[in-house]
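To keep things clear, I will list the structure first and then write my remarks on it.
The first residue in the sequence is number 1, and the count goes up from there.
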Amino acid sequence: MSTLQLSLAIIGGLVLALIVAYNTWTSRRNAPKRALPQEPVDPAGEPVQRQEPGFDAGAAVAVPPGEFHGLDRGPDPSEHAVDADEALQLPVPPFSLERRPGLDPLIDVIASLQPEHVVSGDAALAALPPTRRAGSKPFAIEGLNEANQQWETPAPGQRYQSFQAGVQLANRMGALNEIEFSEFVVKAQAFADAINAAPDFPDMLQEVARARELDQFASDHDAQLMFMLRARQAAWSPGYVQQNAARLGFVPGAMPGRLVLPASAQGLPPLLTLGYDTQAALAEDPDQSAIRDITLSLDVAQVHRTEQPFARLRDVGAALCEAMDGVLCDQNGQPLPAMAMDPIAADLELLYDQLDGRDLSAGSVLARRLFS
């Protein structure tokens with residue numbers, strides 16, 4: 001082989017190696033970012049040192065026979081023994097159900113139902129309609145408990161001297177219309193007949209007009225903010241998104257591709273919601289699923305203003321952008337400068353004041369019902 005041929009072969013090999021290296025580097029650069037492995041942490045917050053199992057004689061600690069009595073062996077089972085017959089006599093704590101928010105004339109049509117005699121809770125439950133909706137509006141029946149004089153959902157073992165039926169005036173599906181009002185009347189009348197009660201219904205036209213006015217107010221003051229976080233360069237895997245969101249307090253939601261930031265009190269709607277592609281979350285190999293953008297959303301009416309949800313949203317968005325090399329955008333994918341967030345915060349404070357003035361404060365039970 002001549003010198004020229006040898007030189008060409010070497011140059012060709014180098015070019016081929018460079019092409020392979022470049023393709024490998026490009027593939028790794030464009031591959032979705034993956035979550036980092038988590039090291040176990042002890043209760044004190046220090047990483048646990050991994051130790052290989054072995055038969056190191058020096059690791060064993062010998063305890064003198066006379067000192068076994070000094071070791072903490074836990075409670076003696078005989079000290080906590082309970083006789084089976086005595087256990088059956090122990091009181092059983094009652095199972096408590098979360099009470100449904102009561103009817104309110106501010107957002108509900110309410111019809112009074114006065115029975116001739118006191119009605120038991122069991123009879124009232126048997127007479128309830130099978131569905132709790134009139135069209136697209138929530139429908140409910142409450143009884144005035146004879147013992148505590150409180151309105152409540154009928155419960156077994158209780159006695160009720162009066163009842164009231166109600167249907168919500170408006171929600172995000174629209175205002176109560178004549179057909180839904182008629183369905184409400186039919187359901188309430190059937191319940192009244194079953195318990196031998198005399199119903200007193202309000203005027204339909206007046207209530208429908210009130211429903212339209214409330215729906216107009218709700219439409220003008222319903223704010224659901226949504227922002228987009230887009231990857232600058234490499235895409236993200238679902239695990240990478242979850243890991244970074246978990247560091248900020250997010251937990252998995254009820255649906256795939258949904259994470260929520262819980263409220264300060266248990267049972268309340270989440271402060272913020274983080275969402276990404278559902279198909280990526282359900283992929284067989286999530287590490288290979290590429291996510292180019294995620295959404296951060298805030299349902300203003302569902303969260304009380306004292307939680308400072310918009311300030312939390314700004315902080316979370318900035319932290320995720322820095323940690324994941326992303327950029328904060330609006331719903332259309334246009335980057336948002338930091339100065340654009342201040343006018344939104346001012347508008348939200350005005351909205352909060354208007355809701356407070358209507359006794360529909362953001363995060364209240366009535367606001368959560370109306371804006372749902």
Side-chain angles (χ1 to χ4, degrees), residues 25-39 172 222-264 266-304 307-338 340-341 344-345 348 362-363 368 371-372:
W25 175 79
T26 303
S27 299
R28 296 191 61 177
R29 182 173 180 269
N30 295 330
K33 295 181 179 179
R34 301 181 182 181
L36 298 176
Q38 298 287 344
E39 292 187 1
R172 281 176 173 163
D222 190 5
Q224 300 179 69
L225 303 180
M226 181 176 295
F227 297 94
M228 180 184 298
L229 270 69
R230 306 194 71 175
R232 293 182 185 272
Q233 296 181 358
W236 309 312
S237 68
Y240 185 78
V241 173
Q242 294 171 8
Q243 186 178 65
N244 283 278
R247 294 187 180 124
L248 300 174
F250 283 83
V251 298
M255 300 176 59
R258 177 185 169 96
L259 304 171
V260 296
L261 183 63
S264 57
Q266 187 176 6
L268 295 179
L271 298 184
L272 303 174
T273 301
L274 186 152
Y276 56 91
D277 186 16
T278 304
Q279 294 183 354
L282 296 175
E284 295 182 0
D285 188 1
D287 286 339
Q288 298 300 322
S289 298
I291 299 174
R292 299 294 309 179
D293 54 70
I294 60 177
T295 58
L296 272 177
S297 56
L298 163 63
D299 195 338
V300 176
Q302 298 292 321
V303 184
H304 200 276
E307 298 274 9
Q308 295 293 315
F310 185 68
R312 295 289 298 276
L313 187 149
R314 295 180 66 171
D315 294 341
V316 166
L320 289 177
C321 286
E322 181 179 359
M324 301 168 58
D325 190 23
V327 57
L328 187 65
C329 306
D330 60 15
Q331 299 184 44
N332 299 321
Q334 297 297 323
L336 283 174
M341 306 296 277
I344 299 177
L348 282 181
R368 297 202 305 269
F371 297 95
S372 63

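Taking Glu307 as the reference, Ser264 meet the side-chain hydrogen bond (donor to acceptor under 3.5 Å, both in side chains) condition, with sequence neighbours excluded. Under the salt bridge (Lys or Arg N to Asp or Glu O under 4.0 Å) criterion, Arg258 pairs with no residue, sequence neighbours left out. Considering only residues two or more places apart in sequence or on other chains, Asp299 meets the salt bridge (Lys or Arg N to Asp or Glu O under 4.0 Å) condition with Arg172. Residues passing the side-chain contact (heavy atoms from CB on, under 4.5 Å) test with Pro252 are Leu259, sequence neighbours excluded. Scanning for salt bridge (Lys or Arg N to Asp or Glu O under 4.0 Å) contacts around Asp330 gives an empty result, with sequence neighbours left out.
The shortest heavy-atom contact between Ala281 and Gly257 is CB-N, 3.5 Å. Residues Ser237 and Ile291 approach most closely at C-CD1, 4.1 Å, considering heavy atoms. Listed here is the closest heavy atom pair of Ala323 and Tyr240: O-OH, 3.2 Å. Taking both residues in full, the closest heavy atoms of Ala280 and Ser289 are given as O-OG, 3.6 Å, listed atom of the first, atom of the second, then distance. Arg368 and Pro269 get closest at one heavy-atom pair: CD-CG, 3.4 Å. Smallest separation of non-hydrogen atoms from Leu313 and Ser297: CD1-C, 4.4 Å.
Counting only distance, with no hydrogens or angles, the side chain of Gln331 and the backbone of Thr295 share no donor-acceptor pair below 3.5 Å. A donor-acceptor distance shorter than 3.5 angstrom exists from the side chain of Arg292 to the backbone of Gln233, with no hydrogens or angles considered.
Residue Leu248 is tested with Leu274, Leu261, Leu320 for a side-chain contact (heavy atoms from CB on, under 4.5 Å); the sole match is Leu320. The one candidate from Leu271, Asp315, Leu272, Leu225 that meets the side-chain contact (heavy atoms from CB on, under 4.5 Å) condition with Phe310 is Leu225.
Pairs passing the salt bridge (Lys or Arg N to Asp or Glu O under 4.0 Å) check and including a residue from residues 230-244, sequence neighbours excluded, read Arg232-Asp325.
Within the 4.5 Å cutoff, side-chain heavy atoms of Phe250 are placed close to those of Val316. Within the 4.5 Å cutoff, no side-chain heavy atoms of Pro309 are placed close to those of Val300. Residues Gln242 and Tyr276 are in side-chain contact: their nearest non-hydrogen atoms beyond the backbone lie under 4.5 Å apart. Taking 4.5 Å as the limit, every side-chain heavy atom of Leu268 sits out of range of all side-chain heavy atoms of His304.
Note that CG of Leu348 and CG of Leu298 are 7.0 Å apart. Values are rounded to the nearest 0.5 Å. The distance from atom CE of Met255 to atom OG1 of Thr273, rounded to the nearest 0.5 Å, is 11.0 Å.
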For this session: Take Trp236 and Ile294, measure what side-chain contact (heavy atoms from CB on, under 4.5 Å) needs, and give me the verdict at the end.
Result: CA-CA 10 Å; Trp236 309 312; Ile294 60 177; 4.2 Å; yes
